[in-house]
Each structure stands twice: as C-alpha cells, then as structure tokens.
Protein chains: 2
Amino acid sequence: MFFLKELPSQQMVATYAETYGADPAHITSALLMMRRASLLIRRLDAYFAAHGLSQLRFLVLIVIDREPERQSLAPNEIASRIDVSKPVMTRTLQSLQQDGLISLAASQTDKRSKEAALTAAGRQQLQDALPGYFRILSEEMAHPPAAGD
Amino acid sequence: MFFLKELPSQQMVATYAETYGADPAHITSALLMMRRASLLIRRLDAYFAAHGLSQLRFLVLIVIDREPERQSLAPNEIASRIDVSKPVMTRTLQSLQQDGLISLAASQTDKRSKEAALTAAGRQQLQDALPGYFRILSEEMAHPPAAGD
DNA sequence: CCCATTTAGTTACCATGATAACATAAATGG
DNA sequence: CCATTTATGTTATCATGGTAACTAAATGGG
C-alpha cells in the first residue's frame, strides 16, 4: 500500500529529475498512478471483506471457475495463474476449504498434488461478488481522480 | 498486491459490463492500472530493501526532512501526512530509532507526544535512496507496459 | 474548577504477503 | 533400473498492514 497524501513538491521532483536525467512528468504520473491504484485496491479490499472474501480468495475462485474444460485445478496451476507464493496459496486454499467454498481432493494422477474445485457455495459466492467488483472498477475509472484524492 | 497474470477475458468483462451498465474499457483499464502499479510497488520494495528501508520507512524520512521550518515532527503529524494507522506508525518509528535513522524525544509542550527528528545517518540514508527512487519511477513511466507485463 | 470528551500513543491480536528449509513424489538420464 | 534432479506442497518464521481496546494527557462545557 503506497501512500503520501501530499506528493513530493514540484521543486523536489524537478531537482532530482534534472540531476539524474529523469522526466519530472513521469515521476509525478507514477506517483499519481500508485496512489490511485492504492485507493482502488483499498476500496476493493473493503468490498471483498464485506463478502467474506479477499482479493486473493476472490481471484482463486475466478481462476478455478473460468477454466473452460475442467472442474478442478491443482494448487500449482492456480498459483501459476496468480502471482502469489506457494505457501500463501496453501494457506488460502485451506481457508477456502474450511469455509466450504472449494473442495480439496487428492490428485489421482500425481500423489504429490491436489485438485481444487468450486463447491456450489463457492460458485454462488463468486457470482454474488462479481457484479459489484466490476461496478467498482468501472466507477473508479469513470471519473478522473480529483487533485486532493 | 494485486495480481492476475491473465486478465479476465473480454467476453467475461463484456457480459458483466452489459448487465450492470458498466463500461468494459473502464474495467480493463482499471485492471491494467492495478497490475502496473503492483509491479512498480514490488520493484520499489526490492529497491528499498536493498537500502535497508521500506516504502513506509522511506516516506517517514521524507516527511520529516521536507518540513521547511522544523527539525522534528510528532508521530501524529507524520501519520497524518502518510496514510497509515497509528500502531504501524509507532512500530515504524521505533524501528527507525533502533536503526539510528531518527531520534525520538519526549515533547516539551505535550506530555502525551514525542518529537521525531532525522539523525545524520537518517538524512544520509534518505539522500542515498532518493536518486534511485526517482530513477525507477521515471523509467517505469517512460515505456508503456507491454501486453504480457 | 471539575468531570466528560477528545486526542496521542501503545499494546495485543489478526490478516496477508514473503523466503527458507523440508518431505515426498515424479521425472530423467547414465 | 536406480540415483540424481526436479517439482509439489507444507511448515516455520518474518515483515508489514489493519482494528479494538487501553493508558495518559489535554481540552472544554457546565
């Protein structure tokens, strides 16, 4: 989470930009982008929390659901579609299973691995969360950020 | 940290956008912005770690340093300039003090409060980190993200 | 003035990210 | 075919964010 409510002054940016051949406009736009993205992510996190989810839990459900030809994915495959470390994936899948949103079965073909599939509750939770998710994204980009945002 | 390596398909976005009156282009650009910002933040985190800092530790040093008329700020004032909770500020200031980058003294005027000031080492650490920080921001925005980024 | 409220900081606890080290199974190649 | 290497998942530990509840001090209305 990035956050400086007031950006570095134009003078400060200009001084460093000059010295190091960087473009002050680029620096400012990078800072604005990070602040805007951070605010959006914060808003999404609050939304997911209200739905008993989190960014990662939501993404896991999406990734399993959107696989066209299959009912389940291995944790390994899920992790490769989302940029997250293996231990975090292990923990997240276990918590989703505890909450009844996915099932975790031993893989038939690879004894090291597992098969994660959506339960009916998981599919429902995903369907419940998707509309608001897209609405937030759309709203956020519909209006440019105000200066003081 | 946001991350879905492959964005939701155009069809999926279009379906939801239609149903809920959202603009598919807005949704896609929001997802791209979050991914781009996440990659940049990750890169900055790695940079700060190499300098014995973190995003927040760096921001705290900047905020104290850039105060034009004063040598020190209260934790409360620092927290109000950065968007971070009080307990995190407490912890961060203590760690910066342990590392010798700031001094923390009791406030003369308010017995509840403290005064955080940069040490010479803290000022030096900040000066060392600033050029690379601005360089990364500038580089990042200099080239538009590739499709597979 | 004094008691209630507000403010500043801290403590305790939880969520969620990472890496390192490990056990076990699969794959590979001599 | 067996030994080494690679791949999968887990555990342990750490970093860094949050909220709730607490203490102590300042503030302010009666």
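To find a chain, count down the sequence lines: A is the first, B the second, and so on, and within it residues start at 1.
- Look at CG on A:Leu59: it is 13 Å from C1' on C:dT16, rounded to the nearest Å.
- Atom C1' of nucleotide C:dA18 and atom CE of A:Met89 are separated by 14 Å, given to the nearest angstrom.
- Atom pair B:Arg42:CZ and D:dA15:C1' shows a separation of 15 Å (rounding to whole Å applied).
- Residues in residues 48-64 of chain A take part in these salt bridge (charged side-chain N to carboxylate O under 4.0 Å, His left out) pairs, two or more places apart or across chains: A:Arg57-A:Asp99.
- Applying the salt bridge (charged side-chain N to carboxylate O under 4.0 Å, His left out) test to A:Arg91 and every residue at least two apart in sequence or in another chain returns nothing.
- Atom pair B:Ile41:CD1 and C:dG17:C1' shows a separation of 13 Å (rounding to whole Å applied).
- Among the protein residues, B:Pro75 comes within range of the sugar-phosphate backbone only, with heavy atoms under 4.0 Å from sugar or phosphate atoms but none that close to a base.
- Atom NZ in A:Lys86 sits about 16 Å away from atom P in D:dA12, given to the nearest Å.
- Residues satisfying the side-chain hydrogen bond (donor to acceptor under 3.5 Å, both in side chains) criterion with A:Gln125, sequence neighbours excluded, are absent altogether.
- What separates CD1 of A:Ile82 from C1' of C:dA18 is a distance of 16 Å, to the nearest Å.
- Nearest to the side-chain atoms of A:Pro87 among the listed nucleotides D:dA12, D:dG9, C:dT11 stands D:dA12.
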Distance-only criterion, 3.5 Å: show the donor-acceptor pairs between side-chain atoms of residues 105-114 of chain A and protein atoms not counting sequence neighbours.
unit_1	atom_1	unit_2	atom_2	d
A:Ser107	OG	A:Thr109	N	3.2
A:Ser107	OG	A:Thr109	OG1	3.4
A:Ser107	OG	A:Asp110	N	3.1
A:Ser107	OG	A:Asp110	O	3.4
A:Asp110	OD1	A:Arg112	N	2.9
A:Asp110	OD1	A:Arg112	NE	3.1
A:Asp110	OD2	A:Arg112	NH2	2.9

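- For the pair A:Arg57 CZ and C:dT16 P, the interatomic distance rounds to 7 Å; values are reported in whole Å.
- Using a 4.0 Å cut-off on heavy atoms, the residues of residues 90-108 of chain A that approach DNA chain C are A:Arg91, listed by number.
- A heavy atom closer than 4.0 Å to some atom of DNA chain C occurs in B:Arg112, B:Ser113, B:Lys114, these being the qualifying members of residues 109-116 of chain B.
- Between A:Ser85 and the phosphate of C:dT19, there is no side-chain N or O to OP1/OP2 separation shorter than 4.0 Å.
- Put simply, CG on B:Leu44 is 15 Å from P on D:dT16, counting in whole angstrom units.
- Listed by chain and residue number, nothing satisfies the salt bridge (charged side-chain N to carboxylate O under 4.0 Å, His left out) test with B:Asp128 (two or more places apart in sequence, or in another chain).
- The number of heavy atoms from other shown groups lying within 6.0 Å of CD (B:Gln127) is above 12.
- For the pair B:Ala142 and A:His26, the tightest heavy-atom approach, listed with the atom from each and the gap, is CA-CE1, 3.5 Å.
- Partners of A:Phe58 according to the ring-ring contact (aromatic ring centres under 6.0 Å, His included) rule, which considers only residues two or more places apart in sequence or in another chain, are A:Phe48, A:Tyr133.
- Across the strands present, D:dC14 finds its partner in C:dG17; the criterion is a Watson-Crick or G-U wobble pair with both atom distances under 3.5 angstrom.
- Pairs passing the ring-ring contact (aromatic ring centres under 6.0 Å, His included) check and including a residue from residues 74-123 of chain B, sequence neighbours excluded, do not occur.
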